[in-house]
Undergrad: 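Below you'll find the structure I mean.
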Amino acid sequence: MRLEHVRLADFRNYESLDFPPASGLNVFVGPNAQGKSNLLEALAMLATGKSFRAHRESELIRSGTERAEIGGEARIAAGEIRLRCTIVRTPAGTRKSFEVNGGSVGFARFLGRARVVTFVPADLQLVSGGPALRRSFLNGALAQLSPVYYRDLALYQKVVGQKSALLRGAIAPDRDLLLAYNDELVRPATALIAARRAFVDELAAATAAIYGRWRGTRERLGVTYAPNPDGDVGEALAAAVESELRRRSTLVGPHRDDLRLLVDGTSLAAFGSQGQQRTAVLALKVAEYDVMRARTGDAPILLLDDVLSELDAERAGGFLGAVEGFEQAFLTTTELPRDLGAAATWSIHAATVTRC
Amino acid sequence: MFHLLNRPRADADALADAIVALKERVRLCSRCFAITEDDPCTTCSDVRRNAAMICVVAEAKDVFAIERTSAYDGRYHVLGGLISPMDGIGPSQLRVRELVDRVSAESPTEIIVATNPNAEGEATALYLSRLLAPSGVNVTRLAYGLPIGGDLDYADENTLARAIEGRRTL
């Protein structure tokens with residue numbers, strides 16, 4: 001798929017932008033704080049409806065204005081699609097609304113109409129960082145692939161939040177209520193675990209193949225899903241009731257899952273070199289792209305934010321080379337790299353985008 | 001407001017009286033906690049209604065929604081909200097104890113839990129079903145399904161998935 005036209009109004013530092021991306025690789029070049037990442041963020045929001053970097057959504061609305069808009073026309077396998085995301089400042093915070101082909105839709109029906117694989121510097125911690133990063137990696141891809149997954153996830157997180165508040169002592173302790181939350185969690189938890197397991201199975205094969213191509217066949221990368229619990233969810237929740245009450249926190253459920261990365265059977269996070277860890281991150285990202293493309297029959301759009309400065313030129317080139325047959329990619333950089341091949345280069349200065 | 005300014009003084013007095021009367025006369029039924037002028041309310045005191053069924057709702061306005069259907073002739077119980085520990089609302093902030101007492105006093109055969117199909121509505125329903133299990137009363141939940149006159153193609157995937165799970169034999 002590819003974006004053919006993007007319009008911004010009062011989004012971050014853009015008062016108004018009319019941007020016609022090229023197919024293939026688009027490079028945004030310019031000094032920092034001019035609007036490169038803001039534009040990339042807007043493109044991502046057309047697919048995910050959420051910012052990959054804002055702490056508060058009010059940041060997305062240009063200061064002094066009340067309403068930000070991101071509009072896009074995309075060509076997908078099924079034809080043309082028009083997407084629009086509007087963020088409005090209200091006394092009670094911000095409110096977002098979504099449109100597909102001019103009709104208003106809820107978030108779950110907007111999400112994943114266009115699909116993106118984003119790669120930001122924080123992703124470089126995917127292997128060495130905590131399990132929350134790896135869960136959000138899985139969630140980010142799966143939510144775009146399946147609205148049912150997204151809704152199960154949202155429900156699951158809401159119920160876990162209520163259950164934790166109960167265990168923390170926000171209200172009087174109540175064993176029946178704890179058991180009621182466990183009853184409510186079984187269905188979405190089981191569905192999330194099944195979806196993650198199937199996704200990781202596909203991801204593991206793709207990641208290992210790419211990693212092997214880069215580091216040689218001597219090293220074998222294993223990617224395995226470590227579900228919590230590994231077994232019947234209802235039974236595991238029931239078995240954990242006493243310890244959850246004692247520890248006053250939730251101990252069982254896919255909000256405590258992990259993705260394990262092993263090279264030749266040893267943990268990459270604990271024992272891998274930085275080079276091995278980075279290569280594994282790149283391989284995971286390429287694999288995410290491959291799985292999304294295989295599942296939907298449509299190549300997702302690649303968004304690479306400031307990744308070149310973090311990677312040596314060889315790895316960055318290897319990454320782009322490994323992304324087979326991408327239709328469209330966007331990359332931000334402060335300095336134009338030498339050997340990116342055919343690319344449309346856009347210079348971004350003070351929220352103005354000009355083709356070089 | 002502009003409309004009121006253009007009306008005679010008597011209209012403004014009538015409106016003011018009506019608001020005062022609302023505050024003075026309208027209260028909660030001491031049995032089911034629905035909004036009423038008489039206590040017990042007309043649904044609780046109407047002998048033609050089925051006393052063996054209690055429909056549990058979150059808010060008083062939900063009683064009106066169900067009454068409009070004319071599909072239900074039992075009694076009600078208004079909880080006054082849904083359980084939400086994140087907002088500091090536990091069973092003791094709601095009229096849960098009162099429901100349990102009514103079940104033992106009135107011995108209904110069925111409790112229909114008609115809370116919203118969201119995280120809190122579902123948790124509250126599951127909680128009540130656990131709490132009332134020892135009493136032996138049959139606790140039921142409103143069905144999930146497709147809107148009448150709806151189009152399968154337009155139903156969101158989760159509603160459709162739940163409707164498939166809740167399918168029944170023709």
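Each chain gets a letter, A, B and so on, in the order its sequence line appears, and its residues count up from 1.
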Undergrad: Within residues 166-187 of chain A, which positions have a heavy-atom distance to chain B below 4.5 Å?
TA: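 Listed by number, the contacting residues are A/Leu166, A/Ala170, A/Ile171, A/Asp174, A/Asp176, A/Leu177, A/Leu179, A/Ala180, A/Tyr181, A/Asp183, A/Glu184, A/Arg187.
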Undergrad: Below 4.5 Å from any heavy atom of chain A, which atoms of B/Ser84 appear? Answer side chain, backbone, both or neither.
TA: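 For B/Ser84, the contact with chain A is made by backbone and side chain together.
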Undergrad: Name the region of B/Leu160, side chain, backbone, both or neither, that has any atom closer than 4.5 Å to a heavy atom of chain A.
TA: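 Neither part.
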Undergrad: Chain A heavy atoms under 4.5 Å from B/Ala161: which part of the residue, side chain, backbone, both or neither?
TA: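 Neither part, no heavy atoms under 4.5 Å.
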Undergrad: Under a 3.5 Å distance rule, please check whether A/Gln162 uses its side chain to pair with a backbone N or O of B/Glu120 as donor and acceptor.
TA: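 The answer is no, because no donor-acceptor pair under 3.5 Å joins these two groups.
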Undergrad: Can you list the residues of residues 74-109 of chain A that sit under 4.5 Å from chain B, counting heavy atoms only?
TA: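 From residues 74-109 of chain A, the residues near chain B are A/Arg109.
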